J.: 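If you scroll down you'll find the structure; I have some questions about it.
Just so you know, residue 1 is the first one in the sequence shown, and it goes up from there. Values below: all heavy atoms of this structure, side chains included; hydrogens, waters and symmetry mates excluded. This one's a predicted model, so the numbers in the text were calculated from it and none came from an experiment.
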Amino acid sequence: MNKIWLGLTVLGIIVGAINGKMEAVSQSILQAAIDSVEILLKLIGPMAFWLGIMKIAEKSGFTNLAAQLVRPLMRYLFPEVPPDHPAMGAMVMNFSANILGLGNSSTPLGIQAMKELQTLNPHPTRATKAMLTFLVINTSSITLLPGTMIGLRIAAGSREPVVIVGTTLFATTISTIAALLVDRVCRLTLKD
């Protein structure tokens, strides 16, 4: 990816030099750097808010309650994982962060869930069915409230930053159903 970005940057500079517009290229580069820092600063507030909500939910025991509520669904999706294994709690936390659309905030929770799932792996060099199902669900983007995108839209000055919730719900429903169907078919047809 770094090579692609480097290639695009060098190509842009070369095209700017050939067309005699190096001043415009320089101004664009500096303005893009300023814009990216401004957007990042504006995102700190919403991210801190949602991370704080997640921490409060964790400390108050709400996440454990949520894990109890979704236990039947989790047992269906991950029959290989014992119900009281720490992997279940880690996966619920990751799914919760994704459902709230916290973006990068869910990554550490996903890594923790994978580490816990690895403790159940009899073949450490291969992924288990539970690991694949977890990855498939994460890749399908289970987002009900796109918090990061709403924050980005607010930072960009959108008049209706939450207008994307409906389309997000539709897209995430379709993608998650499709991902789970493929996962079930692969579980039935592929060997261990």
J.: As an exercise, state the distance from OG1 of T9 to CG of N2, rounded to the nearest 0.5 Å.
T.: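 T9 OG1 to N2 CG: 10.5 Å, rounded to 0.5 Å.
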J.: Does T176 use its side chain to pair, donor to acceptor, with the backbone of T173 at less than 3.5 Å?
T.: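 Looks like no, no N/O pair under 3.5 Å.
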J.: What residues join V136 in its hydrophobic cluster, counting side-chain heavy atom gaps under 4.5 Å, either direct or through other members?
T.: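 The other cluster members (ILVMFWY side chains, heavy atoms under 4.5 Å, direct or chained): none.
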J.: Evaluate the side-chain proximity of Q118 to P124: yes if any heavy-atom separation is below 4.5 Å, no if none is.
T.: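 Contact flag for P124/Q118 side chains = yes.
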J.: Side chains of T168 and T143 only: does a donor on one sit below 3.5 Å from an acceptor on the other?
T.: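 On atom types as modelled, these side chains do not qualify, holding no pair under 3.5 Å.
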J.: Can you get from L73 to M88 by hopping between Ile, Leu, Val, Met, Phe, Trp and Tyr side chains that sit under 4.5 Å apart?
T.: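 As far as the 4.5 Å side-chain criterion goes, M88 and L73 are connected within one cluster.
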J.: Give a yes or no on whether I29 and L6 share a hydrophobic cluster (residues Ile, Leu, Val, Met, Phe, Trp, Tyr; joining criterion: side-chain heavy atoms under 4.5 Å apart).
T.: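 In one cluster: no.
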J.: Any side-chain heavy atom of T189 within less than 4.5 Å of one from R184?
T.: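 When only atoms from C-beta onward are counted, R184 and T189 do not touch, as no gap falls below 4.5 Å.
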J.: What is the minimum heavy-atom distance between I150 and P161, and which atoms define it?
T.: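 Taking I150 first and P161 second, the nearest heavy atoms are CG1-O, 3.7 Å.
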J.: Is there a donor-acceptor pair under 3.5 Å between the side chain of R153 and the backbone N or O of V162?
T.: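 Between the backbone of V162 and the side chain of R153 there is no qualifying donor-acceptor contact (under 3.5 Å).
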J.: Hey, could you give me each pair passing ring pair (Phe, Tyr, Trp, His ring centres under 6.0 Å) that has a residue in residues 22-44? Not counting sequence neighbours.
T.: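 Qualifying pairs: none.
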J.: Under 4.0 Å between a Lys/Arg side-chain N and an Asp/Glu carboxylate O for E80 and R75?
T.: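 The answer is no: the pair does not qualify as a salt bridge.
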J.: Answer yes or no: is there a donor N or O on one side and an acceptor on the other, between the side chain of H85 and the main chain of A87, under 3.5 Å?
T.: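 Checked: pair present.
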J.: Within this structure, what is the CD1-NZ distance for the pair I111 and K115, rounded to the nearest 0.5 Å?
T.: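 One gets 7.0 Å once the value is rounded to the nearest 0.5 Å.
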J.: To the nearest 0.5 angstrom, please state how far the CG atom of L77 sits from the CD1 atom of I137.
T.: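 Between L77 CG and I137 CD1, I get 4.5 Å after rounding to 0.5 Å.
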J.: According to a hydrophobic-cluster definition based on side-chain heavy atoms being under 4.5 Å apart (Ile, Leu, Val, Met, Phe, Trp, Tyr only), do M22 and I18 belong together?
T.: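 No, no single cluster joins them.
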J.: Does R71 qualify as a cation-pi partner of F78, given the criterion of NZ or CZ under 6.0 Å from the six-membered ring centre and within 45 degrees of its axis?
T.: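 Verdict for F78: no cation-pi partner in R71.
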J.: So do the side chains of K21 and V15 get within less than 4.5 Å of each other, counting heavy atoms only?
T.: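 Sidechains of V15 and K21: no contact.
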J.: Group every Ile, Leu, Val, Met, Phe, Trp and Tyr by side-chain heavy-atom contacts under 4.5 Å, then state whether L132 and V81 land in the same group.
T.: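 In one cluster: no.
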J.: Could you tell me the separation between the CG atom of N98 and the CD1 atom of I142, rounded to the nearest 0.5 Å?
T.: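 So the CG of N98 and the CD1 of I142 are separated by 5.0 Å.
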J.: With the 4.5 Å side-chain cut-off for hydrophobic clustering, are L180 and L169 part of the same group?
T.: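 Yes, one cluster joins them.
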J.: Any non-hydrogen side-chain atom of L120 less than 4.5 Å from a side-chain atom of P82?
T.: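 Side chain of L120 against side chain of P82, heavy atoms only: contact under 4.5 Å found.
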J.: Please round to the nearest 0.5 Å and tell me the distance separating atom CE of M91 and atom CE of M131.
T.: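 Separation between the atoms: 10.5 Å.
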J.: Test your reading of the model: is there a side-chain donor-acceptor pair from T139 to the backbone of L135, 3.5 Å cut-off?
T.: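 Between the backbone of L135 and the side chain of T139 there is a qualifying donor-acceptor contact (under 3.5 Å).
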J.: Examine the side chains of T128 and N121 and answer whether a donor and an acceptor come within less than 3.5 Å of each other.
T.: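 Judged by distance alone, the side chains do not pair up.
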J.: Could you give all pairs that pass the ring pair (Phe, Tyr, Trp, His ring centres under 6.0 Å) test and reach residues 133-171, with sequence neighbours left out?
T.: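 As it turns out, the ring pair (Phe, Tyr, Trp, His ring centres under 6.0 Å) pairs with a partner in residues 133-171, which skip direct neighbours, are F95-F134.
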J.: Nearest 0.5 Å please: distance from the CG atom of L117 over to the NZ atom of K129.
T.: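 L117 CG to K129 NZ: 14.5 Å, rounded to 0.5 Å.
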J.: Taking all non-hydrogen atoms of both residues into account, name the closest pair between S140 and T172 and its distance.
T.: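 Smallest interatomic distance, heavy atoms only, reads O-OG1, 4.4 Å.
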J.: For a 4.5 angstrom cut-off between non-hydrogen side-chain atoms, does L41 reach E38?
T.: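 No - every pair of side-chain heavy atoms lies 4.5 Å or more apart.
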